[in-house]
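All chains are named by letter (A, B, ...) in the order of the sequence lines, taking the proteins before the strands, and each is independently numbered beginning at 1.
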Amino acid sequence: MHNIKDIRDNLDNFKKLISKRNVKVETNNISELDKQNRTLIQNKELLEKEKKDISKKKDQNLFEKSKEISKKIEKISSDQSQVKFKLDEILSSIPNIPLDDVPEGKDENSNLEIEKSGEIKNFDFKPKSHIDLGDNLKMLDFDLASKTSGSRFVFVTKKLAMLERALSNFMIDTHVNKNNYLEISPPLIANENTMYGTGQLPKFENDQFELVLEDKNDRKFLIPTAEVILTNMVKDQILDIKNLPLRFVASTPCFRKEAGSYGKDTKGMIRQHQFYKVELVSIVEPNHCIEELERMTNCATDILDQLKLPYRKVLLCTGDMGFSAEKTYDIEVWIPSEKKYREISSCSSCGSFQARRMKARYKNSKKETNFVGTLNGSGLAVGRTLIAVIENYQQVDGSIIIPEVLKPYMNNLEKIDNN
RNA sequence: GGAGAGAUGGCUGAGCGGUUGAAAGCACCGGUCUUGAAAACCGGCAAAGGGGCAACUCUUUCCUGGGUUCGAAUCCCAGUCUCUCCGCCA
């Protein structure tokens with residue numbers, strides 16, 4: 001959510017900045033609605049003052065007049081709240097403004113590769129996909145999942161299930177012990193206001209799994225990412241500056257309808273309705289967002305370094321960023337069967353964009369109340385990491401070598417094979 | 001599911017129809033004292049929105065939404081949430 005004051009003072013510049021995003025934004029009505037809104041507020045306050053004065057005087061002769069004023073106030077404030085509603089409706093569906101160093105572009109083709117890391121293994125055989133490997137091992141079952149649940153689900157079984165769990169634990173341990181994140185086991189269901197706070201609502205309702213409840217006004221959603229629930233931990237709060245930064249990590253299932261992605265990655269585990277993800281969230285002073293984004297991204301790549309998986313770091317262009325982000329790095333891991341890098345983490349600074357929606361504030365050193373900055377990043381997407389490990393560590397016989405750092409989490413197992 | 005209790009400023013917690021935006025304490029900030037710190041003492045300290053270049057000023061807000069009243073944190077109704085007890089249950 002943008003501050004109407006910032007827009008008001010510099011509408012043309014705002015329009016220019018927002019046009020960098022590859023979205024259509026209706027900015028034309030904003031000025032008019034804002035003007036109407038303020039005029040109505042002024043009129044209302046005038047009447048309220050008048051009424052208040054009468055009440056203070058306690059003069060019986062004026063009581064009738066006070067009643068009349070009340071009626072006028074009623075009318076004018078209903079007009080005002082309608083105008084305000086329309087204004088908020090527009091404002092709440094405008095995405096965040098990209099930072100200056102974000103490359104301009106309309107899709108992923110304009111993303112900027114920042115660095116490559118790790119060595120891409122030269123297989124002396126044709127590397128198989130995780131689908132084939134999982135099928136041969138009889139540890140990934142997509143058909144069964146489609147029977148029990150539908151498309152885009154999977155059963156991960158036996159040693160691969162253990163590997164998935166190991167990955168999750170390894171990531172959490174790293175972020176807690178090495179990177180100073182606070183471990184959280186959060187609710188997986190969020191209410192409407194929480195979803196609004198991080199920007200999933202109102203615009204992306206179709207991407208969410210909503211629960212069916214008797215009470216239509218009580219809306220609840222399965223979280224599409226732990227970002228939603230972790231970031232909202234500070235909503236409606238005024239934090240003490242000495243408690244910042246706050247850093248949270250959680251491993252949770254994520255639920256996504258993936259509406260609009262029909263035909264994309266239909267096979268395999270890349271794009272599922274449900275997947276595990278270890279999520280990092282930071283709550284910081286807004287002027288620390290940029291350095292925190294670097295820190296967070298390093299925490300994510302650290303996992304890949306330790307797993308010895310080749311990856312690259314990409315700076316997303318204006319058109320490819322998420323709704324709430326002002327700057328985003330994607331980490332992409334090498335997938336041998338596809339011979340390309342695939343997103344495994346996305347780290348974003350949201351500036352005060354989400355904080356404004358959540359009313360998450362802090363008192364700065366001058367004792368002024370200000371909105372916090374929020375960041376989120378995957379550290380990492382567990383499902384996709386599982387794919388990356390399976391494919392990058394595959395052997396010619398279809399077995400999977402366990403990465404060194406995961407062995408302690410796998411009862412020191414050396415490799416996963418049919419036995 | 002049944003029975004109670006509650007929701008007030010960053011926090012704790014008074015107020016229970018009329019300058020109450022709200023006592024007190026804690027926390028925080030400034031000052032005095034001190035070699036320095038602590039303690040003590042003095043002072044300051046809510047948020048959102050509107051107007052103004054500004055000093056400043058106005059309005060709203062004591063869970064939410066209605067109602068009563070000239071006037072509501074205070075009374076009435078509905079709802080939400082939290083806590084305690086009982087039942088059921090992973």
Checklist entry - Does L46(A) or D240(A) map to a spot on RNA chain B nearer the 5' end, using the closest nucleotide for each? => result D240(A)
Item to check | Opposite nucleotide pairing with rG1(B), Watson-Crick or G-U, both atom distances under 3.5 Å | outcome: rC86(B)
Next on the checklist: Can you pull out every ring pair (Phe, Tyr, Trp, His ring centres under 6.0 Å) where at least one residue sits in residues 192-242 of chain A? Sequence neighbours excluded, please.
Outcome noted: F204(A)-F323(A), F209(A)-H273(A)
Next on the checklist: Applying a 4.0 Å non-hydrogen cut-off, can you work out what K359(A) is touching in the nucleic acid: base, sugar-phosphate, or nothing?
Outcome noted: nothing
Checklist entry - Between R8(A) and D34(A), is the closest basic N to carboxylate O distance under 4.0 Å? => result yes
Checklist entry - Which base, if any, makes a Watson-Crick or G-U wobble pair with rC81(B), both distances under 3.5 Å? => result rG6(B)
Item to check | Complement of rA47(B), any strand, by Watson-Crick or G-U distances under 3.5 angstrom | outcome: rU60(B)
Checklist entry - Between rC88(B) and rU69(B), how far is it from one C1' atom to the other, in whole Å? => result 47 Å
Checklist entry - Who does rG25(B) pair with, Watson-Crick or G-U, both distances under 3.5 Å? => result rC11(B)
Checklist entry - Going through the distances and angles, do F155(A) and T148(A) end up as a side chain to side chain contact (heavy atoms under 4.5 Å, CB included)? => result CA-CA 10 Å; F155(A) 277 86; T148(A) 62; 3.5 Å; yes
Checklist entry - With a non-hydrogen cut-off below 4.0 angstrom, is K49(A) in contact with a base, only sugar-phosphate, or nothing? => result sugar-phosphate
Checklist entry - Which part of the nucleic acid does R356(A) contact within heavy-atom distance under 4.0 Å: base, sugar-phosphate only, or nothing? => result nothing
Next on the checklist: Measuring only the C1' atom in each nucleotide, how far is rG10(B) from rC86(B)? A whole number of Å is fine.
Outcome noted: 37 Å
Checklist outcome for this item: D101(A) meets the side-chain hydrogen bond (donor to acceptor under 3.5 Å, both in side chains) criterion, sequence neighbours left out, with K327(A)
Checklist entry - If you measure from the C1' atom in rC63(B) to the same atom in rA72(B), how many Å do you get, rounded? => result 16 Å
Checklist entry - What are the 5'-most and 3'-most nucleotides of RNA chain B lying under 4.0 Å from any heavy atom of chain A? => result rG10(B) to rG71(B)
Checklist entry - With a non-hydrogen cut-off below 4.0 angstrom, is K5(A) in contact with a base, only sugar-phosphate, or nothing? => result sugar-phosphate
Next on the checklist: What's the gap between rA22(B) and rA47(B) when it is taken at their P atoms, as a whole Å value?
Outcome noted: 14 Å
Checklist outcome for this item: In Watson-Crick or G-U wobble terms, with both distances under 3.5 Å, the base opposite rG71(B) is none
Item to check | Nearest-Å distance once atom P is located in both rC75(B) and rU8(B) | outcome: 16 Å
Checklist entry - Looking across every strand, which nucleic acid part, if any, lies under 4.0 Å from K44(A) by heavy atom: base, sugar-phosphate, or nothing? => result nothing
Checklist entry - What is the base-pairing partner of rA54(B), counting Watson-Crick and G-U wobble geometry with both distances under 3.5 Å? => result none
Checklist entry - With a 4.0 Å cut-off on heavy atoms, is K65(A) in touch with a base, just the backbone sugar-phosphate, or nothing at all? => result nothing
Next on the checklist: Taking salt bridge (Lys or Arg N to Asp or Glu O under 4.0 Å) as the cut-off, I'd like each qualifying pair that reaches into residues 276-305 of chain A, sequence neighbours left out, listed once.
Outcome noted: K178(A)-D302(A), R247(A)-E292(A), K277(A)-E279(A), E294(A)-K313(A)
Item to check | C1'-based separation of rG87(B) from rG2(B) [nearest Å] | outcome: 8 Å
Going by atom type alone, with no hydrogens or angles, which donor-acceptor pairs under 3.5 Å involve a side-chain atom of residues 227-234 of chain A and a protein atom two or more places apart or on another chain?
| from | atom 1 | to | atom 2 | distance (Å) |
| --- | --- | --- | --- | --- |
| E227(A) | OE2 | Q354(A) | NE2 | 2.9 |
| E227(A) | OE2 | N376(A) | ND2 | 3.3 |
| T231(A) | OG1 | E227(A) | O | 2.6 |
| N232(A) | ND2 | T194(A) | O | 2.9 |
| N232(A) | ND2 | V228(A) | O | 2.7 |

Checklist entry - Who is the Watson-Crick or G-U wobble partner of rC41(B), with both distances under 3.5 Å? => result rG31(B)
Next on the checklist: I'd like the C1' distance from rG13(B) over to rA73(B), given in whole Å.
Outcome noted: 14 Å
Item to check | Electrostatic pair E391(A):K128(A) at N-O distance under 4.0 angstrom | outcome: no
Item to check | Residues forming a salt bridge (Lys or Arg N to Asp or Glu O under 4.0 Å) with D320(A), sequence neighbours excluded | outcome: none
Item to check | Nearest-nucleotide 5' precedence on RNA chain B, S66(A) against R38(A) | outcome: R38(A)
Next on the checklist: Measuring only the C1' atom in each nucleotide, how far is rC16(B) from rC62(B)? A whole number of Å is fine.
Outcome noted: 12 Å
